[in-house]
Amino acid sequence: MTLNELGRHTAEQFAKTYKRPPQWIAAAPGRVNVIGEHTDYNDGFVLPMAIERYTVIAAAPAKRGATKIQLRSPLGDGTVTVDLTQPVKPAPKGAWSNYPVGVIAGFLARGVKLGGFDALIHSTVPLGGGLSSSAALEVATATLLEAITGLKLDPVDKALLCQKAEHDYAGMPCGIMDQFISVMGKKDHLLLLDCRSRKTELVPMTDPTKALLIINTNVKHELTGGEYAKRRAQCEQAAKILSLSSLRDATADMLLRARGKMEDVVFRRARHVIGEIERTPHAAEAVRASNWPTLGQLMYASHDSLRDDYEVSCPELDAVVEIAQAIGPKGGVIGCRMTGGGFGGCAVAMVNADAVTAISDRIASEYERRTKIKPTLFVSRPAAGATLLKPAAK
Ligand code: GLA
């Protein structure tokens, strides 16, 4: 489904549900990270792109003077109501409404005036697939609230407001990558983001002979679980032992010298982060220079490091990467790695565009034979970040 089709579908569903057309339609994409995993909260580099999968919210004002926001999503458990006369609070952990409600709270904390409205949410970003369905929902909500309130946020500010919603409302101590790319994605470009300075650099991805293939293992992960927070704490511990404020300034030599002062697991976590921060700008350079063999090596090195040192892969992701690597450059696979937080979700492969069908068929059949799980595969061009769609003329 294209973005416009999804927009139209959401508007129709809105009209059916609320018996009037929507006044605003906001959209925000999911993302895939080409390389730079678990580096964002270490002040490192990431290289994501927005994908052609979106969360769309259609909305219209409630009756004059109304003080309730109604949110509906086919995902969920009926209507969620936010009473604007009461302090806004998170729902129990795991509730989908925490993402939009956290963003509403962020706008209210800025002192904006918000009246009641009705909203309907639809999404083509797979849930729990490591493609940032949560950031897409947060950023779509923020884009909608910008339209409703007239408060236009600076893109960095907007991404940070959404990240805060995820921390405070969803209880997930994520870094800044997902919200940044969902806000700032550019068609036909990857985004090299320096998570320390928050400076971004666009990396053109226009070569028609190359494509990014996303392979969903259909194994769900639960990042609000403790493993993510544990990794963060281990990185902080390593930085502290090295007397640094983050692992961004650490080098492999420094780490080796300090090896005796830290637990082996902390050493290995830091080794991943230091290597990955180094690999990411190299990978951006390789894409710029169409140096596909180098990009491939970097992607495989990233996966190995995430599997062995960072321990966030899983047998299903490893199976995908092994199958892709076995197909190799002769069969059109340039590189492949797990993407996102890990523990399930998706792998991403850079492939030759003319071999996409053959590669997809082979990965799907071998993966299913090995794991007894049907994967979902799709190709996406780098998409644009969050936007407002025009409601159809009445
Ligand atoms: C999740 C987080 C991101 C990032 C990745 C790992 O997607 O939301 O901030 O840390 O994991 O790279």
Side-chain angles (χ1 to χ4, degrees), residues 28-51 53 55 98-99 102 125-139 156 159-185 190-196 198 200 214 216 220-236 246-248 269-270 272-277 279-280 283 298-299 302-303 305-307 309-314 317 337-348:
R31 64 99 187 94
V32 69
N33 189 20
V34 175
I35 197 165
E37 219 64 83
H38 290 278
T39 49
D40 60 350
Y41 52 83
N42 288 296
D43 278 349
F45 292 97
V46 292
L47 187 65
M49 67 173 212
I51 55 173
R53 297 293 183 105
T55 294
N98 277 330
Y99 302 105
V125 188
L127 288 183
L131 300 175
S132 288
S133 53
S134 52
L137 179 50
E138 291 150 10
V139 174
V156 169
L160 293 176
L161 185 153
C162 292
Q163 182 202 26
K164 186 167 160 51
E166 183 134 357
H167 286 189
D168 297 352
Y169 276 69
M172 155 68 178
C174 62
I176 64 172
M177 167 168 68
D178 307 344
Q179 293 78 10
F180 267 64
I181 186 66
S182 187
V183 171
M184 294 173 207
L190 310 180
L191 190 77
L192 178 65
L193 167 65
D194 178 338
C195 300
R196 177 160 62 184
R198 293 175 185 154
T200 56
I214 295 158
N216 192 340
K220 292 248 152 98
H221 65 174
E222 194 39 270
L223 277 186
T224 41
E227 288 301 322
Y228 186 91
K230 226 195 253 172
R231 297 296 181 286
R232 267 195 94 134
Q234 287 162 333
C235 291
E236 280 158 24
S246 76
L247 288 176
R248 168 64 178 270
R269 301 301 189 245
H272 163 71
V273 171
I274 294 168
E276 188 80 354
I277 291 177
R279 279 187 285 274
T280 304
L298 293 165
M299 289 177 84
S302 167
H303 185 80
S305 172
L306 288 158
R307 181 193 59 212
D309 275 351
Y310 220 63
E311 294 178 283
V312 291
S313 187
C314 62
L317 284 167
R337 56 182 286 281
M338 59 153 275
T339 185
F343 306 106
C346 290
V348 59

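Indexing begins at 1, ligand by ligand and atom by atom, following the structure's order.
- A salt bridge links Glu311 and Arg269; the closest N-O separation between the charged side-chain nitrogens and carboxylate oxygens is under 4.0 Å.
- By the 3.5 Å distance cut-off applied to N or O atoms, Met177 is not counted among the residues near ligand 1.
- Here is the list of ligand 1 atoms found below 4.0 Å of a heavy atom in Tyr41: 10 (O).
- Using a 4.0 Å cut-off to heavy atoms of Cys174, the atoms of ligand 1 that qualify are 2 (C), 8 (O), 9 (O).
- Residue Asp178 has at least one N or O atom closer than 3.5 Å to an N or O atom of ligand 1.
- Heavy-atom minimum distance, Ser134 versus Tyr99: CB-CE2, 3.3 Å.
- Only side-chain heavy atoms of Arg31 come within less than 4.0 Å of ligand 1; its backbone N, CA, C and O stay farther off.
- Ranked by closest heavy atom to atom 11 (O) of ligand 1, the top entry among Gly342, Gly341, Gly130, Pro173 is Gly341.
- Ser302 and Arg337 are linked by a side-chain donor-acceptor pair at a separation below 3.5 angstrom, with hydrogens and angles left out of the test.
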*Yes or no on side chain to side chain contact (heavy atoms under 4.5 Å, CB included) for Met299 and Val348, after CA distance, side-chain angles and deciding distance?*
CA-CA 9 Å; Met299 289 177 84; Val348 59; 4.1 Å; yes
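- Less than 4.0 angstrom separates some heavy atom of Glu37 from each of these atoms of ligand 1: 6 (C), 12 (O).
- For Ile176 against Arg198, the heavy-atom pair with the smallest separation is CD1-CG, 4.1 Å.
- A cation-pi arrangement, defined by a distance under 6.0 Å to the six-membered ring centre and an angle within 45 degrees of its axis, is present between Arg248 and Phe45.
- Each of the following atoms of ligand 1 lies closer than 4.0 Å to a heavy atom of Gly175: 9 (O).
- For ligand 1, the polar-atom distance check finds an N/O of Asp40 within less than 3.5 Å of one of the ligand's N/O atoms.
- Between His38 and Tyr310, the two ring planes are tilted [angle within 30° to 60°].
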